[in-house]
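Below is one structure, written out as structure tokens; the observations come after it.
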Number of protein chains: 2
Amino acid sequence: MAGPHPSTTDSRHTPRGRIDKRNAILEAAFAVFARDGYAKASVDAIADAAGVAKPTVYNHFGGKEGLFRQAVSTTAERATARSLAVVHGLGSDVDDLAHALREVGYRLLLCYTSEEAWALRRLLHAEISRFPDVFDTVRGSGPDQFSEALADRLARLALAGRLRLEDPVRAAEQFVALLTGPVEGRSALGTRPVSDQELRDTVAAAVETFTRAFAVPRGRLGDGPSSGQEAAL
Amino acid sequence: MAGPHPSTTDSRHTPRGRIDKRNAILEAAFAVFARDGYAKASVDAIADAAGVAKPTVYNHFGGKEGLFRQAVSTTAERATARSLAVVHGLGSDVDDLAHALREVGYRLLLCYTSEEAWALRRLLHAEISRFPDVFDTVRGSGPDQFSEALADRLARLALAGRLRLEDPVRAAEQFVALLTGPVEGRSALGTRPVSDQELRDTVAAAVETFTRAFAVPRGRLGDGPSSGQEAAL
DNA sequence: GTCCTTTTGAACTGGTGAGTTCATTCTTCA
DNA sequence: TGAAGAATGAACTCACCAGTTCAAAAGGAC
């Protein structure tokens, strides 16, 4: 954060051990916070889990609060990056649109239902009233960015004459909602495992509904846009 | 719950003051738990907020844990009852289907975005790992029941030839997801107010998508089912 | 008025945890 | 090898809080 370490790779003032410890602490901190919640998590437990002495934690992060912010932010950024990578895999020149959406949807749902993602969501829900800024940090370069990226892809598909959209952002929100909404309830907020089959069924149903609502029916065997619908955008 | 009080209205062994105090404690407890989280909420603060002495709390609920369970369960039942009432207002003989869905959707979203509902959801997320049974209690007579009720109504609409559904439960899940998913993000998990216009826009978009996917197009001015689609169920 | 239950206030115990201090040890690099 | 910064462990302070105890006070029911 505001430590005396220059951001460039300076071998003189950034001992290699420090970064390892820092990462170990962040990892352990997230795990303990996720398991016990902010209030019940003790700095001693985190230090133990990280294999580090308590004062080291205070050296690096100042206190429990700073540690929490850093741990959550770091994990959130990692999770967002994973989801973004999935969205970027959605091209606009796909052959079988429903198949492509199922593929992306399934991978997104895997991200969404990962243990880490559940823990992150639980923590955010739990502590958002005490740390509103953490939510802003996560959103600042988080799902907002993610939502935009997905909206971009959908807009491309609309331009390519494959989707009929008025509002790409709204459509992206709805696509994600159709994917994740049904899973939220079925997995008891992530505390019960969801079978892969259930995941795939949910994805299939979501894509079915989404395409019924938004997909442009294709002329038989034609692979280029033929209806001129894309000119309207 | 298992107290020495008969369930009938027995004026002899149920002093009127007790129930008032009990309710006051439950209300104050939910408020304090919602504000501070389980771990940081103190029984003293709850007793103060309820205008009651600390031992009284222990007389009624045994301890912090029992108090938490009761407070959350009670609030959850109230919230579920409200949502159920809205769903029961959805008839199967409506004239303008989209209009009826918007009406129900809007009212559901009002339930969903109430301060109490947000607090409840935050609490559940926060403490589900420590109190899994509370979630089960809430679900036992909660959203499960709610989901079933909505599915029933949609099945009726399908029978009336207004919707084309394979799986009413799935459709109900998706309807709710389309309503609530977009709001979740926009309101920062309930910590930022959402304008009524935004709510209505979300409802309109959700119903638009839902009807595009599931509504049976009606013959002009005809108000009876004419396609015989309902015979398939 | 009398009996019985509930409530009250206040003090007390025991446990837990954040954050600090400091002398000692480790690591890294010159 | 020697110097400097980092990490360590252990003890310590201070605050907060769950749960208990108990004698005194309400508050109805008869």
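So that the names make sense, note that chain A is the first sequence line, chain B the second, and so on, each numbered from 1.
Classification of A/Glu127 and A/Arg122 as a salt-bridged pair fails, no side-chain N sitting under 4.0 Å from a carboxylate O. Salt bridge A/Asp36/B/Arg130: absent, no basic N to carboxylate O contact under 4.0 Å.
Cation-pi contact between B/Arg121 and B/Tyr112: present, with separation from the ring centre below 6.0 Å and deviation from the ring axis of at most 45°. The cationic atom of B/Arg200 (NZ for Lys, CZ for Arg) lies less than 6.0 Å from the six-membered ring centre of B/Tyr106 and within 45° of the ring axis.
Taking side-chain N and O atoms only, A/Thr56 has a distance below 4.0 Å to OP1 or OP2 of D/dT8.
Using a 4.0 Å heavy-atom criterion, one finds that A/Asp44 contacts the sugar-phosphate atoms exclusively. At the heavy-atom level, A/Ala47 lies nowhere under 4.0 Å from the strands shown. Residue B/Ala41 is in sugar-phosphate contact alone, with no base atom involved, counting any heavy-atom pair closer than 4.0 Å across all strands shown.
For B/Val43, taking side-chain heavy atoms from C-beta onward, the closest of the listed nucleotides D/dA7, D/dT8, D/dA18 is D/dA18. Picking from C/dT21, C/dA18, C/dT8 the nucleotide with the shortest atom distance to the side chain of A/Pro55 gives C/dT21.
Distance CZ (A/Arg22) to C1' (D/dA7): 16 Å, rounded to an integer number of Å. Between B/His60 atom NE2 and C/dT6 atom P the separation is 9 Å, expressed in whole Å. Atom-to-atom, NZ of A/Lys40 to P of D/dA18 comes out at 10 Å; the value is rounded to the nearest Å. Protein atom CG of B/Asp48 is 13 Å distant from nucleotide atom C1' of D/dC17, rounded to whole Å. The interatomic distance linking A/Tyr38 (OH) with C/dG17 (C1') rounds to 12 Å, in whole Å. Atom P of nucleotide C/dC26 and atom CG of A/Asp20 are separated by 19 Å, given to the nearest angstrom. In this structure, B/Tyr58 places its OH atom 15 Å from P of C/dT8, rounding to the nearest Å. Atom-to-atom, CG of B/Asn59 to P of D/dT20 comes out at 11 Å; the value is rounded to the nearest Å.
At a cut-off of 3.5 Å, with distance as the only test, a side-chain donor of B/Asp201 or B/Gln197 sits close to an acceptor on the other residue.
In the interface, the side chain of B/Lys64 is not paired with the base of D/dG19 through any donor and acceptor atom under 3.5 Å apart. Under 3.5 Å, the side chain of A/Lys54 and the base of C/dG19 form at least one donor-acceptor pair of N or O atoms.
For the pair A/Ser42 and B/Gly51, both in contact range of DNA chain C, the more 5′-proximal nearest nucleotide belongs to B/Gly51.
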